[in-house]
Amino acid sequence: MKQILLSIMAVVIMATMGMAQNVQLPAPQKTGGKSVMETLWNRASGNEYSDRMLSDQDLSNLLFAAVGVNRDNGKLTSPTAGNRQEIRLFVFTGKGVYEYLNTENSLRPVVEGDHRDIVAAHQDWAKTAPVVLLMVADEAKFGRSDEHSKVIMGVDAGIVSENINIFCAGTGLVTRPRGSMDVDAIKTLLKLDETQTPLLNNPVGYPR
């Protein structure tokens with residue numbers, strides 16, 4: 001009986017460890033999409049999405065466009081003040097919430113379950129997107145918390161959002177930048193402290 005219990009415990013531990021493992025994404029592609037001018041002519045916000053989940057490759061490309069590492073010196077596709085890289089990117093899906101780790105191009109599981117509703121808040125259409133990207137400003141990474149610094153962090157989050165918007169316009173995806181969300185519920189869910197602030201979010205999906 002003792003041996004059986006130990007075997008069961010081992011299986012449970014292994015399953016739990018598996019759930020906690022990071023999800024490795026395929027390398028982002030270096031070619032594809034429309035030209036810069038075509039992309040700008042096609043840039044528009046939308047709120048009607050297919051319920052089909054993004055492919056791993058499309059998700060990898062999307063996250064790389066947002067805050068990916070594009071140089072050997074560790075700098076990003078989205079510039080930040082003083083290269084502080086204080087904007088953290090969380091990925092909400094129907095299966096769980098993940099944080100994008102750009103140096104590894106992987107997803108760190110944060111919490112299981114579908115929590116897109118708290119980002120959608122009172123706009124139900126926003127939770128119909130298969131992926132919702134959330135930008136969180138981390139004052140500890142920025143190094144300052146005065147009012148001007150908070151404005152600059154908002155600017156940095158806006159740049160990340162615009163990278164997402166442009167990527168979607170250039171690859172046929174649908175998105176819309178949003179400031180609406182249940183900030184308190186998000187901070188509780190993600191266990192954020194008072195120095196970590198959700199600022200913007202972008203629902204993303206294939207066109208319906």
Side-chain angles (χ1 to χ4, degrees), residues 22-50 52-93 96-108 110 116 119 126 128-138 141 152-179 181 198-208:
N22 291 348
V23 179
Q24 186 63 52
L25 295 169
Q29 295 171 312
K30 293 187 177 182
T31 61
K34 298 179 176 70
S35 71
V36 173
M37 292 308 297
E38 286 178 299
T39 296
L40 293 172
W41 276 105
N42 281 280
R43 213 296 308 158
S45 296
N47 56 9
E48 294 186 353
Y49 309 92
S50 165
R52 180 165 61 100
M53 181 57 187
L54 298 187
S55 69
D56 289 347
Q57 187 64 68
D58 284 343
L59 181 59
S60 176
N61 292 348
L62 169 67
L63 299 176
F64 171 78
V67 291
V69 177
N70 66 353
R71 281 159 285 177
D72 292 339
N73 59 10
K75 293 188 177 181
L76 309 182
T77 55
S78 53
T80 58
N83 192 36
R84 292 179 173 91
Q85 303 186 12
E86 81 283 3
I87 303 302
R88 298 169 63 185
L89 191 65
F90 291 86
V91 182
F92 285 67
T93 75
V97 183
Y98 309 82
E99 181 172 11
Y100 178 54
L101 306 181
N102 54 10
T103 58
E104 304 171 11
N105 193 45
S106 67
L107 297 173
R108 179 181 68 85
V110 177
R116 290 172 294 177
V119 186
T128 65
V131 168
V132 182
L133 302 183
L134 172 70
M135 285 133 271
V136 173
D138 191 333
K141 293 185 72 175
I152 297 302
M153 285 186 277
V155 171
D156 288 347
I159 293 171
V160 174
S161 178
E162 187 63 0
N163 276 20
I164 295 167
N165 299 329
I166 294 299
F167 173 81
C168 289
T171 57
L173 295 175
V174 179
T175 192
R176 177 182 291 273
R178 304 174 65 249
M181 66 189 98
L199 292 179
L200 293 171
N201 65 85
N202 274 72
V204 180
Y206 298 117
R208 192 168 70 180

How about [X] and [Y]: do any of their side-chain heavy atoms sit closer than 4.5 Å?
| X | Y | result |
| --- | --- | --- |
| Val160 | Asn163 | no |
| Leu25 | Leu107 | yes |
| Thr171 | Asn61 | no |
| Leu62 | Leu133 | yes |
| Leu173 | Tyr206 | yes |

Practice task
Mark yes or no for whether Arg178, through its side chain, and Val119, through its backbone, hold a donor-acceptor pair below 3.5 Å.
Solution key: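 A pair under 3.5 Å: yes.
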Handout entry: Donor-acceptor contact below 3.5 Å, side chain Asn102 vs main chain Val67
Key =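 A pair under 3.5 Å: yes.
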Practice task
Any salt bridge (charged side-chain N to carboxylate O under 4.0 Å, His left out) involving residues 198-208? Give me the pairs, sequence neighbours left out, ordered by first then second residue.
Solution key: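 Listed by first then second residue: Glu48-Arg208.
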Practice task
Any pair with a residue in residues 72-88 that passes salt bridge (charged side-chain N to carboxylate O under 4.0 Å, His left out), sequence neighbours left out, goes on the list, sorted by first then second residue, please.
Solution key: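 Output for this query lists Arg88-Glu99, Arg88-Asp138.
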Report the residues that fulfil side-chain contact (heavy atoms from CB on, under 4.5 Å) with [X], sequence neighbours left out, ordered by chain and then residue number.
| X | result |
| --- | --- |
| Ala157 | Ile87, Met135, Leu199, Leu200 |
| Asp56 | Pro26 |
| Arg43 | Ser45, Asn165, Ile166, Ala169 |
| Thr93 | Met53, Val91, Lys95, Tyr98, Val131 |

For [X] versus [Y], what's the shortest heavy-atom pair and its separation?
| X | Y | result |
| --- | --- | --- |
| Ile164 | Ala66 | CG1-CB, 3.7 Å |
| Pro28 | Asn105 | CD-ND2, 3.6 Å |
| Ala81 | Ile152 | CB-CG2, 3.4 Å |
| Phe64 | Val69 | CE1-O, 3.3 Å |
| Pro203 | Asn201 | CD-OD1, 3.8 Å |
| Ala65 | Thr77 | O-OG1, 3.1 Å |

Euclidean distance, [Y] [atom2] relative to [X] [atom1], rounded to 0.5 Å:
| X | Y | atom1 | atom2 | value |
| --- | --- | --- | --- | --- |
| Asp58 | Gln29 | CG | CD | 7.5 Å |
| Leu63 | Ser106 | CG | OG | 10.5 Å |
| Cys168 | Asn42 | SG | CG | 12.5 Å |
| Leu59 | Leu54 | CG | CG | 6.0 Å |

Practice task
State whether a side-chain donor-acceptor pair under 3.5 Å links Asn83 with Gln85.
Solution key: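 Distance-only check passes for Asn83 and Gln85.
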